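Scope of the values below: all heavy atoms of this structure, side chains included, with no hydrogens, waters or symmetry mates. What you see is a predicted model; the values in this text were computed from it and never measured.
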Amino acid sequence: MHSAADLPAASGGDADPARPVALPAAASGESSAFAEARPLAGIDLNLLVTLDALLAERSVSGAARRLHLTEPAVSRALGRIRRATGNPILVRAGNTMVPTPRALEIHAEVHDLVQRAHAVFAPVGAPDLATLDRTFTILSSDMLVATIGVGLLDRLARQAPRVRLRFLPEPTPSADPLRDGTADLEIGQIDSTAPEIRVETLGADSAIAVVRAGHPLTEGPLTPQRLAAARHVVASRRGRLSGPIDEALAALGLRRTVVASVSSHTVALSLVAHSDLVGVAPRRLGRDRLAALGLVPLDLGLDLPSLSLCLAWHPRYDADAPHRWLRAQVRDVIRESITEDDY
C-alpha cells in the first residue's frame with residue numbers, strides 16, 4: 001500500500017516542513033501559469049470526481065480505493081488537477097498530506113458539483129404530484145377533448161391538483177408545435193412530419209355516418225347510392241371538402257354533395273342535429289357526444305381506412321418525469337375510451 005509519500009513531490013523527506021510541492025508547470029517555465037485562467041474546454045470534468053475523493057481521503061491510496069482505480073492513475077490525475085487549478089491542492093506534512101487553503105475553500109463546492117452531476121445522470125424517478133405546479137399544452141381535435149377531457153381532468157384533480165391543461169386545435173401543416181416546444185403532446189391522428197417525433201399508436205377507431213333522429217336515411221338500409229345522394233357537412237380544420245369517403249364513393253362511380261366544411265367537429269354535429277345534413281364521426285370516441293345530441297349512427301358500408309389514435313411528443317421530454325406521468329394518464333384514458341363496447 002502506498003503512503004502519502006507516494007504523492008507526486010519534488011523535494012524533501014518525511015521530516016521536511018510542510019511546503020508546496022513543485023509542479024511540472026513550474027518546472028517547464030510556466031511559473032506564472034497558476035495565476036492564469038484555464039479555458040474550460042481544455043479541462044476534463046471527470047477530474048472533479050477525483051478531486052472530490054482526494055479532498056475527502058487526503059491520500060492517493062484512499063482516493064484510489066474509493067474510486068476503484070489504481071493508485072498510479074489517481075496520482076496522475078492529481079498532477080493534472082494541480083496544473084488545471086494552478087494550486088498544489090495537497091501538500092506533505094510529515095507522513096500525511098494536508099489540503100491547501102484553496103483546497104479547503106473549494107472542497108464543499110466540488111462535492112456539491114459532483115453530487116449534482118450524479119443527480120443529472122441518475123434514473124428518472126416519479127414526480128411529486130402533490131406539489132407539481134405545471135401547465136401542459138395538448139393538441140387535439142375538439143371531439144377527442146370532449147370524449148376524454150372529463151376523465152383526464154378527474155385523474156389530475158385526484159393526483160396532481162395544481163396541474164393545468166391547455167387544449168389547442170391540431171396544428172396546420174406549416175406549423176410544428178411539438179418540435180418548436182409550444183406544445184407538450186399531440187393526440188389523435190398525428191400530423192407532425194418531423195422525423196424525431198415520438199409517435200405511439202394507442203388504438204384505432206372507425207368512421208360512421210350520423211344523422212338526426214327521424215332523418216330519411218334512418219329508414220331502410222344505407223346504401224352507397226343513398227349516402228351519395230344526401231347533403232353532407234364535413235369537419236376539417238384545413239377547410240377540405242373531400243376525403244377518404246369521397247375516394248371510396250368514387251371507386252363505385254359515385255359522388256356525394258358536400259355543402260359545408262367547418263373547422264370544428266362540435267359545430268358539424270350541431271348542424272347535423274338541426275338539419276337533414278349528414279355528418280361523420282368516430283364510432284367509439286364519438287359515442288357519448290352523439291348520444292347527448294340525439295344523433296343516430298349509421299354504418300357507412302364503405303371500405304375505409306381506420307382512424308389511428310396516437311400519442312406524440314418530442315424526445316426532449318423522454319426522460320422528463322412529469323411529462324412521462326402525463327403521457328401515462330392520457331394513454332390510459334384514451335385506451336379506456338376505445339375499448340368499450342361498440343354500438
Side-chain angles (χ1 to χ4, degrees), residues 135-160 163-172 177-178 183-191 200-213 215 232-240 243-245 260-275 277-298 300 304 306-313 326-343:
T135 299
F136 293 98
T137 298
I138 300 177
L139 306 172
S140 175
S141 70
D142 58 335
M143 173 70 79
L144 189 48
V145 174
T147 300
I148 71 167
V150 172
L152 183 58
L153 291 172
D154 281 347
R155 282 171 170 255
L156 268 56
R158 293 193 304 270
Q159 299 181 40
V163 166
R164 298 163 299 279
L165 299 182
R166 179 189 293 116
F167 290 104
L168 295 180
E170 298 159 293
T172 62
L178 295 181
D184 296 284
L185 287 175
E186 183 176 358
I187 53 178
Q189 293 184 288
I190 306 304
D191 286 334
E200 177 184 351
T201 300
L202 303 179
D205 207 341
S206 57
I208 54 172
V210 291
V211 296
R212 64 169 177 82
H215 191 285
H232 296 255
V233 59
V234 299
S236 169
R237 66 185 182 282
R238 302 177 189 174
R240 290 176 174 171
I245 290 178
S261 172
V262 296
S263 61
S264 164
H265 289 87
T266 300
V267 172
L269 295 180
S270 179
L271 293 175
V272 169
H274 297 91
S275 70
L277 293 174
V278 178
V280 176
R283 181 183 298 274
R284 286 175 285 183
L285 283 179
R287 174 190 302 105
D288 292 340
R289 185 63 181 160
L290 302 184
L293 291 171
L295 297 177
V296 179
L298 302 173
L300 284 164
L304 297 173
S306 62
L307 305 174
S308 297
L309 294 170
C310 302
L311 177 65
W313 66 95
L326 179 65
R327 295 199 301 268
Q329 306 312 306
V330 173
R331 182 184 297 116
D332 290 347
V333 172
I334 289 180
R335 284 177 172 164
E336 288 172 3
S337 298
I338 62 178
T339 54
E340 296 174 4
D341 294 335
D342 291 346
Y343 285 106

remark   = Sequence neighbours excluded, the answer for side-chain hydrogen bond (donor to acceptor under 3.5 Å, both in side chains) partners of His232 is Arg256
Residues forming a side-chain hydrogen bond (donor to acceptor under 3.5 Å, both in side chains) with Ser270, sequence neighbours excluded = none
Can you measure from [atom1] ([X]) to [atom2] ([Y]) and round to the nearest 0.5 angstrom?
{"X": "Gln189", "Y": "Asp205", "atom1": "CD", "atom2": "CG", "answer": "9.5 Å"}
{"X": "Ile208", "Y": "Leu300", "atom1": "CD1", "atom2": "CG", "answer": "8.0 Å"}
{"X": "Ile148", "Y": "Leu153", "atom1": "CD1", "atom2": "CG", "answer": "9.0 Å"}
{"X": "Leu307", "Y": "Arg283", "atom1": "CG", "atom2": "CZ", "answer": "10.5 Å"}
{"X": "Leu152", "Y": "Ile334", "atom1": "CG", "atom2": "CD1", "answer": "8.5 Å"}

Minimum heavy-atom distance between [X] and [Y], given as atom pair plus value:
{"X": "Leu295", "Y": "Ala273", "result": "CD2-CA, 3.6 Å"}
{"X": "Ala213", "Y": "Val296", "result": "CA-CG2, 3.8 Å"}
{"X": "Val234", "Y": "Arg240", "result": "CG2-O, 3.3 Å"}
{"X": "Val211", "Y": "Leu277", "result": "CG1-O, 4.3 Å"}
{"X": "Met143", "Y": "Ala281", "result": "CE-CB, 4.3 Å"}
{"X": "Leu178", "Y": "Ala183", "result": "CD2-O, 3.9 Å"}

Run the side chain to side chain contact (heavy atoms under 4.5 Å, CB included) test against [X] and tell me which residues pass, sequence neighbours left out.
{"X": "Val150", "result": "Asp154"}
{"X": "Ala235", "result": "His265, Ala268"}
{"X": "Val145", "result": "Ser140, Phe167"}
{"X": "Leu168", "result": "Thr137, Leu139, Arg166"}

query = In this structure, which one of Ile187, Val330, Leu185 forms a side-chain contact (heavy atoms from CB on, under 4.5 Å) with Trp313?
reply = Leu185
Do [X] and [Y] make a side-chain contact, defined as non-hydrogen atoms from C-beta onward lying under 4.5 Å apart?
{"X": "Asp184", "Y": "Ile138", "value": "no"}
{"X": "His215", "Y": "Val272", "value": "no"}
{"X": "Leu304", "Y": "Ile245", "value": "yes"}
{"X": "Leu298", "Y": "Val278", "value": "no"}

Residues forming a salt bridge (charged side-chain N to carboxylate O under 4.0 Å, His left out) with Asp332, sequence neighbours excluded = Arg155
remark   = Hits for salt bridge (charged side-chain N to carboxylate O under 4.0 Å, His left out) against Arg331, two or more places apart or cross-chain, chain-then-number order -> Glu200
Test your reading of the model: is there a side-chain donor-acceptor pair from [X] to the backbone of [Y], 3.5 Å cut-off?
{"X": "Thr135", "Y": "Arg164", "answer": "no"}
{"X": "Arg284", "Y": "Ile338", "answer": "yes"}
{"X": "Arg212", "Y": "Ser275", "answer": "yes"}
{"X": "Thr147", "Y": "Leu285", "answer": "yes"}

Pairs meeting criterion salt bridge (charged side-chain N to carboxylate O under 4.0 Å, His left out) with involvement of residues 142-152, two or more places apart = none
